[in-house]
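So the structure is just underneath, and the comments pick up after that.
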Number of protein chains: 2
Amino acid sequence: MGERLSIGDLAKATGTKVETIRYYEQMALLPKPGRTAGNYRSYDASHLARLSFIRRARDLGFSLERVRNLLGLSDRKDRSCEGIDAIAEEHLVEVDRKIADLTALRHELGSLVQQCKRGTIGECRIIEALAPHRV
Amino acid sequence: MGERLSIGDLAKATGTKVETIRYYEQMALLPKPGRTAGNYRSYDASHLARLSFIRRARDLGFSLERVRNLLGLSDRKDRSCEGIDAIAEEHLVEVDRKIADLTALRHELGSLVQQCKRGTIGECRIIEALAPHRV
DNA sequence: CATGCACCCTGTAGGAACTATAGGGTCAAG
DNA sequence: CTTGACCCTATAGTTCCTACAGGGTGCATG
């Protein structure tokens, strides 16, 4: 418990570049950490969890603004439940759409691999997996 | 059939900025379309499908390079099946990881909404949904 | 104790993927 | 025949990193 991490440790643990961590601090997505006697940044487990969240949310295609917003759901100090509820529901819609798209893509990639395994290189429908939304 | 679309039509149909479409053309992600007498770009259904794919793949957090690679699975003219298979499997791994992360996030958002509906604003575990990978 | 070497610091500049603006042409409607 | 919505090229700006440049820290090792 109470383990302290250097910026390099944090970078390694999350697959982030050291510069990116400093960038997030500048953008106030990560709280300013404590400093050692030698002026090195000193992090703890909560920083690790938060950075992991940011990185993986970014990897899922959420903008930093959206990530900030999602983190806000957690950071709320005295926000009303209606506000939180509305924001969360909004995110839910986007998340569900992304899951549906990824599932369709997954299906096409899988069938491509299957075709290859059977030696039958039929038509590739990968583009159709993410076809325009019906309007 | 054989319907022709202006760049504005394409933009509207896919939720893309007109400038972004021209940018993709420059990056050779979209093939150069035909031109009208007045030098306007003229697209067809295949452009629409391809652009839709690009936009939605981008929204899912794939880099343009990765999208180019995915499109390559479809564009292959004379590529070997082993090559295709390897690339597709690699993408499959990433897609599955994204689906797992989104599902975890979806779960936490859902429980947040449920808590609000019941008036019990317990602890928010949204950050934990995308916790660091065990190493 | 000095001297590497790996790591950290604060800048600032560069790159990827758009996005906006300037300055101008096209075209259907009135 | 002009007005407004659209298109054209070219270029500069924004977001989100990423890569130096120039220098300090800290620990092992001769």
Side-chain angles (χ1 to χ4, degrees), chain A residues 3-44 47-48 50-72 94 98 130, chain B residues 3-44 47-48 50-72 94 98 130:
Chain A
E3 209 162 332
R4 302 260 98 199
L5 302 164
S6 73
I7 196 168
D9 296 335
L10 209 58
K12 232 169 283 171
T14 56
T16 312
K17 296 261 153 65
V18 164
E19 292 86 351
T20 307
I21 298 178
R22 290 197 280 250
Y23 172 74
Y24 289 156
E25 179 181 331
Q26 236 181 292
M27 298 296 103
L29 280 159
L30 278 177
K32 279 184 195 296
R35 297 284 181 137
T36 67
N39 199 33
Y40 285 15
R41 285 172 179 81
S42 171
Y43 298 94
D44 63 23
H47 291 100
L48 176 57
R50 196 175 173 94
L51 177 57
S52 170
F53 180 88
I54 296 172
R55 290 262 83 198
R56 293 172 68 190
R58 290 285 300 131
D59 181 59
L60 295 171
F62 294 98
S63 70
L64 274 197
E65 210 34 54
R66 214 89 160 109
V67 172
R68 201 188 296 281
N69 201 277
L70 281 164
L71 284 168
E94 195 179 348
K98 282 176 193 254
L130 302 182
Chain B
E3 210 163 329
R4 302 259 98 199
L5 302 165
S6 73
I7 196 169
D9 296 335
L10 209 57
K12 232 170 282 171
T14 57
T16 311
K17 298 257 153 66
V18 164
E19 292 85 354
T20 306
I21 298 178
R22 289 196 281 249
Y23 172 74
Y24 289 155
E25 179 182 331
Q26 236 181 294
M27 298 295 104
L29 280 159
L30 278 178
K32 279 185 194 298
R35 298 281 181 140
T36 67
N39 199 33
Y40 285 16
R41 285 172 180 80
S42 170
Y43 299 94
D44 62 23
H47 291 101
L48 175 58
R50 196 176 174 93
L51 177 57
S52 169
F53 180 87
I54 296 172
R55 289 262 83 198
R56 293 171 69 188
R58 291 285 300 130
D59 182 59
L60 295 171
F62 294 98
S63 71
L64 273 197
E65 210 33 54
R66 213 90 159 109
V67 172
R68 199 188 296 282
N69 200 278
L70 281 164
L71 284 169
E94 195 179 347
K98 281 176 193 256
L130 302 182

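Note that this is a predicted model, so its numbers are computed, not measured. Numbers restart at 1 for each chain; the letters A, B, ... are given by sequence-line order, proteins then strands.
- Of the possible donor and acceptor atoms, none in the side chain of A:Asn69 sits under 3.5 Å from a partner among the backbone N and O of A:Arg66.
- Side-chain nitrogen and oxygen atoms of B:Thr20 include at least one within less than 4.0 Å of the OP1 or OP2 phosphate oxygen of C:dT19.
- In this structure, CG of A:Leu60 is placed 16 Å from P of D:dC16, rounded to the nearest angstrom.
- Considering only the side chain of B:Arg41, D:dC8 comes nearest among C:dT10, C:dC27, D:dC8.
- What separates CG of A:Asn39 from P of C:dC7 is a distance of 19 Å, to the nearest Å.
- In this structure, B:Phe62 and B:Arg58 approach most closely via the heavy-atom pair O-NH1, 2.6 Å.
- The shortest distance between the side-chain N/O atoms of B:Ser63 and the OP1/OP2 oxygens of C:dA16 is not below 4.0 Å.
- Straight-line distance from the CD atom of A:Glu25 to the C1' atom of C:dG11: 14 Å, rounded to whole Å.
- Comparing C:dC8, D:dC16, C:dT21 by their nearest atom to the side chain of B:Glu19 picks out C:dT21.
- In this structure, the nucleotide among C:dA17, D:dC17, C:dC8 sitting nearest to the side chain of A:Ile7 is C:dC8.
- Comparing atom distances between the B:Tyr23 side chain and each of C:dA17, D:dC17, C:dT10 picks out C:dA17 as nearest.
- Residues B:Tyr24 and B:Arg50 form no side-chain contact, since every pair of their non-hydrogen atoms from C-beta on lies 4.5 Å or further apart.
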Set out, in order, the CA-CA distance, both residues' side-chain angles and the distance that settles salt bridge (Lys or Arg N to Asp or Glu O under 4.0 Å) for B:Arg68 and B:Glu65, then state yes or no. CA-CA 5 Å; B:Arg68 199 188 296 282; B:Glu65 210 33 54; 3.4 Å; yes

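- The 5' end of DNA chain C is approached more closely, in terms of each residue's nearest nucleotide, by B:Leu64 than by the other of B:Leu64 and B:Arg22.
- In this entry the distance linking CG of B:Leu10 with C1' of D:dC6 reads 15 Å, nearest Å.
- At least one side-chain heavy atom of A:Pro33 sits less than 4.5 Å from a side-chain heavy atom of A:His47.
- C:dT10 atom P lies 9 Å from atom CD of A:Gln26, rounded to whole Å.
- Side-chain proximity of A:Lys17 to the nucleotides C:dT10, C:dT19, D:dA19 is greatest for D:dA19.
- Each of C:dA17, D:dC17, C:dC9 was ranked by its minimum atom distance to the side chain of A:Arg35; first place goes to C:dC9.
- Going from atom CZ of B:Phe62 over to atom C1' of C:dA16 covers 18 Å, rounded to whole Å.
- If you measure from atom CZ of B:Arg4 to atom P of D:dC7, you get 15 Å, rounded to the nearest angstrom.
- Taking every side-chain heavy atom of B:Tyr40 into account, D:dC6 is the closest of C:dT19, D:dC6, D:dC17.
- When each of A:Gly38 and A:Tyr24 is assigned the nucleotide of DNA chain D bearing its nearest heavy atom, the one mapping closer to the 5' terminus is A:Tyr24.
- Rounded to whole angstrom, the span from the CD1 atom of B:Ile21 across to the C1' atom of D:dT9 amounts to 16 Å.
- Heavy-atom nearest nucleotides on DNA chain C were determined for B:Thr36 and for B:Glu65, and the one closer to the 5' end corresponds to B:Glu65.
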